[in-house]
Amino acid sequence: MHPGQQRNQLLLGTFVHSKSRRELDIFHNGAVAVDANGKIAAVERDCPSVEAAKTQALSKLGWDADDVDIYTTKESQFFFPGFIDTHIHAPQYPNAGIFGKTTLLDWLEKHTFPMEASLKDLAKARKVYTAVVRRTLSHGTTTAAYYATIDVAATNLLTDLCFAIGQRAFVGRVCMDRPGINPDYYRDESTEAAIQATEQTIEHVRAIDPEFDLVAPILTPRFAPSCTPEGMRALAKLQKQGGYLAQTHISENTGEVQLVRELFPESQSYTQVYDDHGLLTPRMVLAHAVHLTEEEGSLIALRKSKISHCPCSNSSLTSGTARVRWMWQKGIEVGLGTDVSGGYSPSILEAARQATLVSRHVAVRAGDDIEKERCKLSVEEVLYLATRGGAICLGLEDKIGGFEVGKDWDAQLVGLGRVADSGLREGEEYTANGHGAGAGVDAAGMVPALNGCDEGNVDIFGWESWDEVMAKWLYSGDDRNTKKVWVKGRLVHARR
Ligand code: GUN
Ligand code: FE
């Protein structure tokens with residue numbers, strides 16, 4: 001069967017997605033019907049029972065129950081939109097966790113450029129890219145905006161793997177055409193060669209997925225210091241012709257900001273460098289944006305460019321604390337990025353959690369109490385960043401990010417641990433080999449794990465409100481709670 005061809009599906013039970021930045025929409029006894037093309041064909045909600053929701057959806061669509069694959073959520077399970085990683089470097093995945101005390105510019109030289117250059121070896125690239133696609137899927141990332149390397153063949157391989165494994169992706173060949181700043185062993189030979197190589201990777205995606213329905217190209221000038229003015233202008237021209245998405249880094253580290261000032265003395269600011277070369281468009285995703293000035297924030301808002309907030313990376317590389325509330329107040333749309341391997345975790349749930357923590361560090365330095373409160377991001381807000389916010393950044397808000405008719409079924413089934421009966425009665429104690437204590441210990445004398453098996457860190461006692469359940473998932477959840485993952489209706493990951 002072609003990856004796009006499937007049976008009709010009916011998902012039943014509890015669903016959670018963002019209603020707005022501030023509010024989650026949580027509904028029970030619901031049904032989401034997904035057609036053979038992976039699109040949501042009907043949504044029923046708050047029915048008297050799951051059975052009623054099922055009947056209602058089937059009769060609305062005229063589907064026969066025998067021709068439909070059905071999954072119903074169990075206790076402490078819910079469907080949630082797939083996560084969207086708006087900034088991740090696939091070739092850096094083997095370096096996750098390896099950064100020591102480096103900061104951006106020495107980290108690039110010591111760890112990043114050597115690893116990226118080494119993926120010219122396609123056997124190595126296949127190993128790394130397969131692992132990163134499968135690992136991010138296992139954490140519920142259904143869409144990723146990838147930076148690849150400068151190498152055309154390895155970039156094309158990443159495109160092939162995303163398509164075959166079934167992850168929605170933007171794949172970018174990294175442009176690094178400036179000699180002197182980029183190492184001689186890892187740079188484009190000329191501006192012309194860089195643009196030609198980029199076009200080759202775009203045509204490769206087009207050959208596989210002509211409508212860019214699952215996999216799409218993304219123009220990727222690495223960051224201003226890596227690029228010549230001519231290179232950036234050529235990419236801007238390419239974007240105008242083809243309407244492609246673009247991505248780069250901005251104002252991540254103070255040393256980097258100073259370097260940009262020296263390399264581009266004619267431009268008033270880092271943001272102005274991109275604007276002066278035609279790259280500050282509504283289809284540009286800017287990663288980090290830690291040290292922006294008021295004027296830069298206003299210019300980004302005016303141009304409707306997007307920002308990928310990468311809290312794990314910004315803490316790991318000692319880059320600083322980006323201000324999401326400030327960006328939102330400026331009117332800028334924001335999504336989340338793992339920035340592997342500046343960030344050590346491939347998980348967007350982890351990025352969302354760290355976004356809340358970083359916002360509290362921002363709050364510590366804010367003015368009065370009202371301002372401090374304002375800086376803090378809520379559970380609802382960071383889950384919005386992880387889904388609908390990311391979708392807007394990538395221009396996919398009509399396609400993914402929530403559960404509405406017409407959108408693609410890009411989703412995860414989350415299951416949290418329900419605390420089981422201990423097996424002990426009042427007054428009994430755990431003793432080895434079950435002597436005198438009934439079911440307290442197993443045959444080997446071991447006290448059983450709390451939920452019997454590998455259910456993750458979250459214990460649900462049954463008395464929590466659903467808002468509290470979501471908070472517990474955000475702060476204590478991990479990939480053990482991501483039970484199944486679908487992209488465009490296709491099951492692409494399942495635990496056990
Ligand atoms: N700036 C330029 N290249 C990179 C990169 O690979 N990662 C991060 N975090 N920042 C960059
Ligand atoms: Fe990055």
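Every number for a ligand or one of its atoms is a count from 1 in the order of the listing. Counting begins at 1 with the first residue of the sequence.
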Is D213 salt-bridged to K399, cutoff N-O under 4.0 Å? yes

Should the proximity of E256 to ligand 1, defined as any heavy atom under 4.0 Å, be assigned to the side chain, the backbone, both, or neither? neither

For E199, check side chain to side chain donor-acceptor pair (under 3.5 Å) against everything at least two apart and list the hits. none

Flag the pair E455 and K483 as a salt bridge only when some basic side-chain nitrogen lies within less than 4.0 angstrom of an acidic carboxylate oxygen. yes

For atom 6 (O) of ligand 1, what's the nearest protein heavy-atom neighbour? Residue, atom name and distance, please. R222 NH2, 2.7 Å

Can you find a side-chain donor-acceptor pair between E256 and Y270 that sits under 3.5 Å? yes

Among protein heavy atoms, which sits nearest to atom 10 (N) of ligand 1, and what does the distance come to when rounded to 0.1 Å? E252 OE1, 2.7 Å

Short of 2.8 Å from the Fe ion (ligand 2), name each protein N/O/S atom, waters not counted. H87 NE2, H89 NE2, H249 NE2, D339 OD1

With a cut-off of 4.0 Å, which atoms of ligand 1 are near a heavy atom of L104? 1 (N), 8 (C), 10 (N), 11 (C)

Counting from 1 in the order shown, the ligand 1 atoms closer than 4.0 Å to a non-hydrogen atom of F223 are 1 (N), 2 (C)

Under 3.5 Å, is there a donor-acceptor pair linking the side chains of H17 and R388? yes

Nearest to atom 9 (N) of ligand 1, what protein heavy atom do you find, and at what distance? D339 OD2, 2.6 Å

Salt-bridged, D188 to R173, with N to O below 4.0 Å? yes

Regarding ligand 1, does W107 bring an N or O atom to under 3.5 Å of one of the ligand's N or O atoms? no

Does a salt bridge link R21 with E333, judged by any charged N lying under 4.0 Å from a carboxylate O? yes

To the nearest 0.5 Å, how far apart are CD in Q354 and SG in C310? 11.0 Å

Looking only at N/O atoms, are T112 and ligand 1 under 3.5 Å apart anywhere? no

For H288, atoms of ligand 1 separated by under 4.0 Å from a heavy atom: 9 (N)

Y147 to ligand 1, any heavy atom closer than 4.0 Å: no

N95 and S341: side chain donor to acceptor below 3.5 Å: no

Could you pull out, from M176, H111, H89, the option with a heavy atom nearest to atom 5 (C) of ligand 1? H89

Quick one: look at F113 and ligand 1, take heavy-atom pairs under 4.0 Å, and tell me if it's side chain, backbone, both or neither. neither

Please determine if K376 and E381 form a salt bridge, counting it only when a charged side-chain N lies under 4.0 Å from a carboxylate O. no

Under 6.0 Å between the ring centres of H249 and Y147? yes

Roughly how far apart are T248 OG1 and L219 CG, rounded to 0.5 Å? 11.0 Å

